[in-house]
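What follows is a set of notes on a single structure, which appears directly below.
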Amino acid sequence: MPTFALGPNQYGKAETRIVRVTRGPGGDEITDLNVSVSLRGDLAASHLTGDNAAVLPTDTQKNTVYAFAREHGIDGIEAFATRLARHFVESQPSIHGARVAVEQYPWQPVDGRHSFRRDGGEIRTATVHHDDAGTQVVSGVRDLVLLKTTDSEFHGFVQDRYTTLPETRDRILATSVNATWRHAGPAGDAYGTARAALIEAFADTHSLALQQTLYAMGERVLAACPGVVEVKLSLPNRHHFLVDLTPFGLDNPNEVYYAADRPYGLIEGSVRRDDDVAEEVAWSF
Ligand SMILES: O=c1[nH]c(=O)c2[nH]c(=O)[nH]c2[nH]1
């Protein structure tokens, strides 16, 4: 007779959308968030027998997100997520660990009063894990699209019988940055500095490979943000291929490109301080 056991599990309310308006005489502000809560703890009974005595309903978790936005305000997504994660663990004896992930969608004021324009595609993120061992805060940015028209090469790579890619000393380099960075302690106000470091390193680095640019971007964030101990980057290589215009009797001196959407190279890696102790829980889902 085979026997079975419940493995790791978590539960929570995913993607609670919340728009908070902060009203002021000098104009309103809006904070537009997507909040996902995952809780871990003594939850086997609910899975094994349907006994829900230890289960804080996901509906209650959603209500808590809204209530905290009113009671405490949203003083940065890292602080908001930390407050929620601690609340669930500290208020519920059955809950031993909480993960709160927040996405923030940027809006820009249009008239300085009460009209706004949704800004670009880029999303700010924060994920907080809290349990007995402490609080881990990871901040990040997603879908930050960057492109440089030159200053990028790719050559010297392996050639086997399937290789057709020509070596290039001058190409477009483009990516959509997905970056997360882990703080040693509570997150300070590092978002603007980290984001600027990513963009500047992309622009400054004469790239011989997107891998090299990835490392430079991670290194720049660590150099600029003393409280950050590890940076993870996932960089799709948004290929731009020169179009062959010779059938039309035209040359193409690096001017006309085809922007391919797939397949794409995907370059991923982390850069950390030498003395950093890996904190895998901070990244786990
Ligand atoms: O920067 C790059 N890294 C690669 O590993 C790679 N592979 C490829 O086909 N083009 C590129 N570009």
Side-chain angles (χ1 to χ4, degrees), residues 120-125 138-182 190-225 228-248 250-274 276 278 280 282-285:
E122 171 187 337
I123 294 167
R124 177 175 171 171
T125 63
V138 173
S139 304
V141 65
R142 243 190 23 231
D143 304 335
L144 169 63
V145 180
L146 301 175
L147 180 149
K148 66 200 305 185
T149 53
T150 185
D151 227 11
S152 168
E153 312 183 24
F154 189 62
H155 47 80
F157 44 80
V158 171
Q159 305 268 352
D160 73 3
R161 59 185 285 236
Y162 301 114
T163 303
T164 57
L165 185 74
E167 301 205 332
T168 176
R169 307 266 162 184
D170 191 1
R171 66 174 182 174
I172 283 182
L173 185 66
T175 188
S176 171
V177 178
N178 298 307
T180 44
W181 48 94
R182 180 165 62 85
Y191 180 77
T193 308
R195 180 179 174 280
L198 291 167
I199 295 170
E200 283 163 21
F202 177 88
D204 289 355
T205 304
H206 180 95
S207 179
L208 299 176
L210 185 52
Q211 287 88 331
Q212 182 201 19
T213 298
L214 178 150
Y215 187 79
M217 292 168 81
E219 204 177 36
R220 192 78 66 102
V221 172
L222 292 174
C225 305
V228 170
V229 286
E230 185 178 10
V231 184
K232 286 193 181 187
L233 288 146
S234 176
L235 301 179
N237 193 351
R238 293 199 167 186
H239 304 298
H240 287 66
F241 298 115
L242 263 187
V243 180
D244 177 10
L245 299 175
T246 53
F248 321 117
L250 297 169
D251 65 355
N252 189 358
N254 282 359
E255 289 188 353
V256 180
Y257 295 85
Y258 162 60
D261 82 329
R262 64 191 75 173
Y264 51 89
L266 184 60
I267 312 300
E268 302 184 285
S270 73
V271 186
R272 57 167 66 150
R273 295 188 192 277
D274 278 344
D276 176 48
E280 286 314 315
W283 305 105
S284 61
F285 288 86

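Count residues from 1 along the sequence. Both ligands and their constituent atoms are indexed starting at 1 by order of listing.
Using a 3.5 Å distance cut-off with no hydrogens or angles, the side chains of His240 and Arg171 do not pair a donor with an acceptor.
No option in Thr175, Thr213, Leu266, Leu173 other than Leu173 meets the side chain to side chain contact (heavy atoms under 4.5 Å, CB included) test with Asn237.
With Asp251 contributing its side chain and Pro253 its backbone, the two residues share no donor-acceptor pair below 3.5 Å.
Residues Leu235 and Asn178 form no side-chain contact, since every pair of their non-hydrogen atoms from C-beta on lies 4.5 Å or further apart.
Residue-level contacts of ligand 1 at the 4.0 Å heavy-atom threshold are Phe154, Leu165, Arg171, Ala209, Leu210, Gln211, Asn237.
Sorted by first then second residue, the ring-ring contact (aromatic ring centres under 6.0 Å, His included) pairs that include residues 196-225, not counting sequence neighbours, number zero.
Within the model, atoms CG of Asp143 and CZ of Arg124 stand 15.5 Å from one another, a figure rounded to the nearest 0.5 Å.
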